[in-house]
Asker: 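Pasting a structure below so you can have a look.
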Amino acid sequence: MTITSLRHPFGIFLWLMVALVMVYILAPLAVIVASSFGTTGYVAFPPQGFTLRWYEQALANPRYVNGFLTSLRIAAIVTVVSSAIGIAAAYALVRYEFPGSRLIESLFISPLVLPGLVLAVALTIFFSRNPIATGTDRLILAHLTICVPCVLRVVIPVLQRFDRSIEEAAQNLGASPVKAFFLVTLPVIRPGIFAAAALAFVMSFDEVEMSVFLASPREQPLTVALYSAVQLAFDPTLAAVSSILIMITFAIMVVHQVVSRIRSAR
Amino acid sequence: MNAEVELRTVSKAYGDAYAVDRVSLEVARGELVALLGPSGCGKTTTLRMVAGFVEPTGGAILLRGQDVTRVPPHRRDTGMVFQSYALFPHLTVAENIAFGLKRRGVARTEIRSRVATMIGLMRLSGLEQRLPRQLSGGQQQRVAVGRALVINPAVILLDEPFSNLDAQLRESTREELRRLQQELRLTAMFVTHDQAEAMAIADRIAVMNKGRIEQIDTPAAVYHHPRTRFVAGFIGRANIFDAEVIARDPAGVAARGPAGITFVLPQGDHPGRIAVVLRPEAIRLAAGTDAHGPNTVAGVVDVVAFYGATAQLGVKLADGSRLLVEGSGDLPQRFAPGSAVVASWAASALVASAA
Amino acid sequence: MGGALEPRDRRGLILPKWLPPALLLLPAALVFGGLFVWPQLGLFATSVASPPPIGFATYQRFLGDSFYVAVLVRTLSLGACVTLVCLICGFPLAFFLARLESRWVPFLIMIVSFPLWVSAVVRSFAWMVLLLRNGLVSIWLRDAGLAPAGFQLMYSFAGIVIALAQVLLPLMVITLYAVIKGIDRDLENAAMNLGASPGRAVCLVTLRLARGGIFAGSLLVFSLSISAFATPSLVGGATAQLMAVAIYEQTLEINDWPFAATISAILLAIALSVALVYGRLIDGRNVPVR
């Protein structure tokens with residue numbers, strides 16, 4: 001009898017709690033997806049009837065479509081730049097031990113635990129005084145402040161687990177240090193780098209506070225478009241847009257799970 | 001029937017795979033039974049089923065005659081010593097040992113005296129207020145044993161209790177545990193993958209392989225009369241030959257093995273194909289090239305290993321197979337590598353097991 | 001010194017030992033210094049510049065105004081409530097996932113952490129639908145007789161707690177899962193073997209040993225819930241009396257940047273002190289992302 005077995009009261013309590021909490025975590029998303037297919041003119045649950053009308057309207061609305069494209073573009077640039085910066089810094093912090101490297105690591109990661117809204121206000125003041133960037137570039141720079149720490153957070157433990165002797169073996173076999181990094185280290189830590197990049201992408205794509213403050217009015221990211229629309233009305237097209245985002249995310253996660261299972265099964 | 005523990009065709013299946021397959025076993029009062037086998041043979045799962053951490057998918061487990069198959073662990077009367085010891089890291093030595101007594105609602109004064117007795121018995125005096133991480137490996141092991149013993153369980157369950165100790169400590173701890181077990185007449189089940197350990201302290205050994213008990217017997221019987229090829233190979237060193245029975249008569253059974261060997265075994269009810277087990281120490285060597293008659297074979301010494309009091313020789317036979325011979329320490333002087341030898345053995349040294 | 005990049009290139013040119021790591025760290029240092037530290041200092045400077053050049057009028061205004069003190073207190077109690085809900089809901093789930101012997105565990109963890117990958121705006125929108133007057137949760141509460149007619153959870157403190165706790169719950173679960181996974185399950189087995197019922201075994205052993213992790217997870221959730229903006233401002237409405245919403249109001253609506261900077265600095269100071277305690281408790285590397 002394991003502790004999670006249903007044969008004793010504690011086990012029953014545990015399963016009950018787990019079921020309730022799972023519903024609590026997942027139900028809101030399920031409700032949105034379900035209600036996006038309803039025929040009523042407002043968002044309602046349980047949904048009545050079935051229609052794809054709201055999806056048609058959502059996809060015909062340039063605010064959402066352009067927002068989606070803008071968000072994609074920003075997130076892609078932020079992902080590439082923050083991955084490059086983060087991996088270089090993580091490599092330096094793990095491979096070269098120097099006094100204060102642990103302190104630098106904690107400092108570099110600290111923006112993650114601070115209020116995004118405060119970062120946004122500070123950056124708004126900063127950009128108004130130092131016009132070093134304009135339009136969407138300001139938002140990209142802003143996202144770097146949270147995405148670089150995020151990459152560091154994921155890549156540093158991966159590099160620490162990496163067996164250095166593999167790299168040394170490559171150098172022993174005649175690869176230059178730089179070549180050894182690209183030929184051996186990088187392929188081995190690739191899953192960790194993918195995870196870091198994926199996280200950076202999602203962080204940038206979903207980010208709200210900085211986007212609200214810094215986005216250029218002509219190029220609004222999707223979260224900003226959604227944020228202002230949600231405040232104003234309970235339009236069923238909003239449910240459709242939200243559902244599209246939920247379903248894309250879910251599909252990506254499922255594919256990722258399946259792929260990594262197939263890989264580990266081999 | 002005074003079995004303290006009884007397993008009746010107990011099985012544990014994970015999907016289609018059987019971790020434990022119809023294991024039956026009885027442990028008498030005051031007896032120490034070792035579950036011996038390679039990793040993954042189901043011995044730990046069997047022990048955990050007795051403790052109640054794993055629920056059997058078939059069969060029944062009885063403790064002192066009571067069916068406890070569906071009884072949760074905390075209502076069973078077993079004392080387990082975990083491989084990792086599982087000492088509560090936030091509790092002192094004394095609190096660890098008192099834990100089970102407190103759960104049983106024993107009066108505070110009695111707890112104090114029983115814990116003190118156990119601390120004396122386990123030679124832990126002076127360490128009562130230490131935390132587990134402040135103890136040496138041997139001390140931690142004694143706390144784990146004391147914590148299980150103090151509740152006077154029907155059976156003590158030991159899961160590889162010596163595996164985290166270094167070689168020297170392992171031997172002395174083993175002897176100490178055996179002495180304690182015999183003095184207190186404890187009923188115990190003990191899981192190990194180390195056949196020497198099992199031989200040294202168990203009253204009986206249950207040899208397990210692939211979820212089944214292959215043989216359960218005293219250490220001597222398991223060694224001298226292995227019932228299966230697996231048991232013969234797992235317990236001690238053995239030469240094992242596939243052989244075919246060619247003749248039977250009242251005097252014995254003749255079987256033909258590899259390299260032209262004819263085995264003559266004592267009378268027995270053997271099937272057509274058998275595995276003949278020959279212990280290395282039962283083989284005599286003589287210089288020469290001609291082997292005549294049954295229970296002899298000619299070969300060439302190819303490897304010599306000297307261990308001081310004893311030595312081992314590898315003899316290469318005509319068909320390329322090898323015979324392991326063990327004898328006194330002067331063997332290497334008498335037979336250098338490359339010398340031709342004739343090996344012979346008594347019929348009584350041969351054991352036939354299932355092929 | 002474990003220099004993987006040897007301080008000497010192919011042509012035998014000698015590079016100073018500190019140069020390769022310094023070059024590798026430079027971009028990250030620029031981002032950290034230029035886009036994080038410098039703007040934060042600017043924010044602080046703005047907050048202490050009224051009246052110029054140096055003055056604390058905005059701080060006096062904040063602390064002297066009972067409205068804003070109430071906002072601060074409400075924000076802190078929101079953090080406490082959300083943390084409590086996350087703990088009560090998160091521990092059983094994390095314990096269950098850490099102890100379940102099943103190949104479905106990775107899948108279940110994926111399901112639990114799934115909401116983290118969905119924008120907070122979308123998740124808040126879902127709660128708005130449920131908490132509004134004609135939303136499912138509000139209707140249930142009225143039908144169960146727990147709430148008066150016309151009652152809605154939307155725009156209420158309880159509504160914000162319910163929504164925000166759901167947003168942050170996966171983080172608590174992931175933190176606690178790692179902590180509980182690190183506790184040898186044989187310790188619970190040992191406790192049960194010695195006569196403790198499963199529930200008592202968890203209380204006497206697991207909960208005690210997970211204390212550090214529980215505290216760390218609580219601080220994380222607390223810090224994120226007092227800083228949260230999207231969920232409180234959507235579920236609580238633009239007039240929700242919370243620090244983050246007040247900052248937003250002062251900037252984009254009232255355009256009083258010095259005062260906004262002051263509220264921000266106060267919020268930052270609280271979050272920073274929580275983060276410092278957290279950092280002492282737990283290695284910075286164990287901070288779950290988001």
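So that the names make sense, note that chain A is the first sequence line, chain B the second, and so on, each numbered from 1.
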Asker: Quick one: pull up CD1 in A:Ile3 and CZ in C:Arg99 and give me the separation to the nearest 0.5 Å.
Answerer: 7.5 Å

Asker: Which atoms form the tightest heavy-atom contact between C:Ala126 and A:Ile32, and what is the distance?
Answerer: CB-CG1, 3.3 Å

Asker: Is the shortest side-chain heavy-atom distance between A:Pro28 and C:Gln166 below 4.5 Å?
Answerer: yes

Asker: Could you tell me which portion of A:Met22 (side chain, backbone, both or neither) has an atom closer than 4.5 angstrom to a non-hydrogen atom of chain C?
Answerer: side chain

Asker: Within a strict 4.5 Å, meaning less than it, do heavy atoms of the A:Val121 and C:Tyr248 side chains meet?
Answerer: no

Asker: Heavy-atom cut-off 4.5 Å, strictly under: side chain, backbone, both or neither for C:Phe32 against chain A?
Answerer: side chain

Asker: With respect to A:Ile25, which candidate in C:Cys89, C:Pro115, C:Ser113 satisfies the side-chain contact (heavy atoms from CB on, under 4.5 Å) definition?
Answerer: C:Pro115

Asker: Flag the pair A:Phe10 / C:Ser197 as yes when at least one side-chain heavy-atom distance between them is below 4.5 Å, and no otherwise.
Answerer: no

Asker: If I measure from the heavy atoms of chain C, does A:Leu226 come under 4.5 Å with its side chain, its backbone, both, or neither?
Answerer: both

Asker: Based on non-hydrogen pairs under 4.5 Å, which of C:Leu97, C:Val173, C:Leu100 is most in contact with chain A?
Answerer: C:Leu100

Asker: Does the A:Tyr24 side chain pair with the main chain of C:Ile162, one donor and one acceptor, at a distance under 3.5 Å?
Answerer: yes

Asker: Using every non-hydrogen atom in the two residues, find where A:Ala122 and C:Pro39 come nearest and quote the distance to one decimal.
Answerer: CB-O, 3.5 Å

Asker: Measure distances from A:Val208 to the heavy atoms of chain C and classify the residue's part below 4.5 Å as side chain, backbone, both or neither.
Answerer: side chain

Asker: Considering non-hydrogen atoms only, spot the tightest contact between C:Pro106 and A:Gln257 and give its length.
Answerer: O-NE2, 4.0 Å

Asker: Closest approach of A:Val118 and C:Ser264, non-hydrogen atoms and distance?
Answerer: CG2-O, 3.8 Å

Asker: Looking at C:Val167, C:Ile111, C:Val137, which makes the most heavy-atom pairs under 4.5 Å with chain A?
Answerer: C:Ile111

Asker: Using 0.5 Å steps for rounding, measure from the CZ atom of C:Phe114 to the CD1 atom of A:Ile252.
Answerer: 10.0 Å

Asker: What distance do C:Leu25 atom CG and A:Leu93 atom CG have between them, rounded to the nearest 0.5 Å?
Answerer: 5.0 Å

Asker: In terms of heavy-atom contacts, does CZ of C:Arg185 have more than 12 from other residues, nucleotides or ligands at under 6.0 Å?
Answerer: yes

Asker: Between A:Met17 and C:Leu93, is there a side-chain heavy-atom distance shorter than 4.5 Å?
Answerer: no

Asker: So for A:Phe13, is it side chain, backbone, both, or neither that comes closer than 4.5 Å to the heavy atoms of chain C?
Answerer: neither

Asker: Given a strict heavy-atom distance threshold of 4.5 Å, which part of A:Leu107 is in contact with chain C: side chain, backbone, both, or neither?
Answerer: both

Asker: Does the side chain of C:Phe229 come within less than 4.5 Å of A:Pro115's, by heavy atoms?
Answerer: no

Asker: With chain A as the partner, which of C:Leu108, C:Leu132, C:Leu26 has the greatest number of non-hydrogen pairs under 4.5 Å?
Answerer: C:Leu132

Asker: With respect to chain A, which residue among C:Leu23, C:Leu252, C:Val112, C:Leu35 yields the maximal number of heavy-atom pairs within a distance under 4.5 Å?
Answerer: C:Leu35

Asker: Dump the intermediate steps for ring pair (Phe, Tyr, Trp, His ring centres under 6.0 Å) on A:Phe250 and C:Trp117, then the final yes or no.
Answerer: CA-CA 9 Å; A:Phe250 191 73; C:Trp117 297 77; over 10 Å; no

Asker: Between A:Tyr227 and C:Ser233, does the side chain to side chain donor-acceptor pair (under 3.5 Å) criterion hold? Intermediate values first, please.
Answerer: CA-CA 10 Å; A:Tyr227 182 79; C:Ser233 70; 2.6 Å; yes

Asker: Is there side-chain contact between C:Thr46 and A:Arg129, with heavy atoms separated by less than 4.5 Å?
Answerer: yes

Asker: Just so I understand: if I count every heavy-atom pair under 4.5 Å between each of C:Leu41, C:Ile263, C:Ile226, C:Leu169 and chain A, which residue has the most?
Answerer: C:Leu169

Asker: Atom CZ of C:Arg123 and atom CD1 of A:Ile246: how far apart are they, to the nearest 0.5 Å?
Answerer: 10.0 Å

Asker: By a 4.5 Å heavy-atom criterion (distance strictly below it), what part of A:Val81 contacts chain C: side chain, backbone, both, or neither?
Answerer: neither

Asker: Side-chain contact test, heavy atoms from C-beta onward, threshold under 4.5 Å: evaluate it for A:Phe108 versus C:Val31 and give yes or no.
Answerer: no

Asker: Among C:Ala201, C:Ala165, C:Ala261, who wins on heavy-atom pairs under 4.5 Å with chain A?
Answerer: C:Ala165

Asker: With heavy-atom distances below 4.5 Å as the criterion, would you say the side chains of C:Leu43 and A:Phe126 are in contact?
Answerer: no

